[in-house]
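Presented below is the structure to which this report refers.
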Amino acid sequence: MEVIITSVCSAIIIFITVFYMLKAFKIAYKRNEISFQKFIFISISSIITGVIIASVFPIGYQKIFDILFN
């Protein structure tokens, strides 16, 4: 139960961070500070990285809780 709650809270923080990064990338693109290809590349890589990290955290949290409580 603790792992689920911790993982969900971490995932929410990660997705909020990615959301605001995408907003910053969009502003940079509108101001012509980055090209469209660079905008797409960094947006997709940010989303993929966020999803990978959020999906790996439950495994790490489970190992940490096993070490602490056993």
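Predicted model only: the values in this text are computed from it and were never measured. Nothing fancy with the numbering, it's 1 onward along the sequence.
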In terms of hydrophobic clustering (I, L, V, M, F, W, Y; side-chain heavy atoms under 4.5 Å; direct or indirect links), are [X] and [Y] co-clustered?
X     : Y     : answer
Leu22 : Ile16 : no
Val56 : Ile48 : yes
Phe57 : Phe65 : yes
Val8  : Ile59 : no
Phe19 : Ile12 : yes

When rounded to the nearest 0.5 angstrom, what is the spacing between [atom1] in [X] and [atom2] in [Y]?
X     : Y     : atom1 : atom2 : value
Ile42 : Ile34 : CD1   : CD1   : 4.0 Å
Leu68 : Lys63 : CG    : NZ    : 14.5 Å
Lys26 : Met21 : NZ    : CE    : 16.0 Å
Ser43 : Phe36 : OG    : CZ    : 9.0 Å
Phe25 : Glu33 : CZ    : CD    : 12.5 Å
Phe39 : Lys30 : CZ    : NZ    : 9.0 Å

ask   = Is Ile40 atom CD1 crowded by more than 12 heavy atoms from other residues, nucleotides or ligands, each under 6.0 Å away?
value = yes
request  = Could you tell me whether Phe41 atom CZ has more than 12 heavy atoms of other residues or ligands within 6.0 Å of it?
outcome  = no
inquiry  = Restricting to non-hydrogen atoms, name the atom on Pro58 and the atom on Ser7 that form the minimum distance, rounded to 0.1 Å.
reply    = CA-OG, 3.4 Å
